[in-house]
Amino acid sequence: MHRAKADARASHVTVGLVRHLPGNREEIDCSCGMTLTNGPQWSLDEHIRLHRAEARYLALSRVAPAGMPRIIPVDPGRLPR
């Protein structure tokens with residue numbers, strides 16, 4: 001499980017510089033190919049943190065032993081690219 005967490009951390013790093021767009025919008029790219037943005041009720045930093053947390057959760061869920069109790073089931077439609 002430690003390896004899965006480390007792989008997720010290495011696969012989801014921001015690349016390039018923050019782009020400042022009209023209307024107080026900001027965005028930056030993730031190394032996985034997703035563009036992370038701020039919104040009306042969340043900051044760019046919050047989106048980056050959520051994206052990384054989701055990636056770690058999914059990576060750990062994939063390698064967790066069968067039968068291990070989960071709080072949230074892994075939905076195949078939510079898996080990253």
Can you see which heavy atom on [X] is nearest to which on [Y], and at what distance?
| X | Y | value |
| --- | --- | --- |
| Val63 | Ala4 | CG2-CB, 3.7 Å |
| Lys5 | Leu60 | CB-CD2, 4.1 Å |
| Ser31 | Ser11 | OG-O, 2.9 Å |
| Thr35 | His47 | O-CE1, 4.4 Å |
| Arg52 | His12 | NE-O, 3.3 Å |
| Leu36 | Cys30 | CD1-CB, 4.2 Å |

| field | Main-chain N/O of Asn24 paired with Asn38 side-chain donor or acceptor, under 3.5 Å | value |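 Here the side-chain-to-backbone pair exists.
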| query | Do any N or O atoms from the side chain of Thr37 and from the backbone of Glu27 form a donor-acceptor pair under 3.5 angstrom? | reply |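 Absent.
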Linking I/L/V/M/F/W/Y whenever their side-chain heavy atoms sit closer than 4.5 Å, directly or via other members, would [X] and [Y] fall into one cluster?
| X | Y | value |
| --- | --- | --- |
| Leu58 | Met1 | no |
| Ile48 | Met34 | yes |
| Trp42 | Val18 | no |

| Straight-line distance of Asp7 CG to Arg62 CZ, nearest 0.5 Å |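 Reported value, rounded in 0.5 Å steps: 10.5 Å.
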| query | In terms of heavy-atom contacts, does CZ of Arg49 have more than 12 from other residues, nucleotides or ligands at under 6.0 Å? | reply |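 Not more than 12 within 6.0 Å, no.
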| task | Scan residues 33-42 for pairs that pass salt bridge (Lys or Arg N to Asp or Glu O under 4.0 Å), counting only residues two or more places apart or in two chains. | result |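 Residue pairs passing salt bridge (Lys or Arg N to Asp or Glu O under 4.0 Å), neighbours aside: none found.
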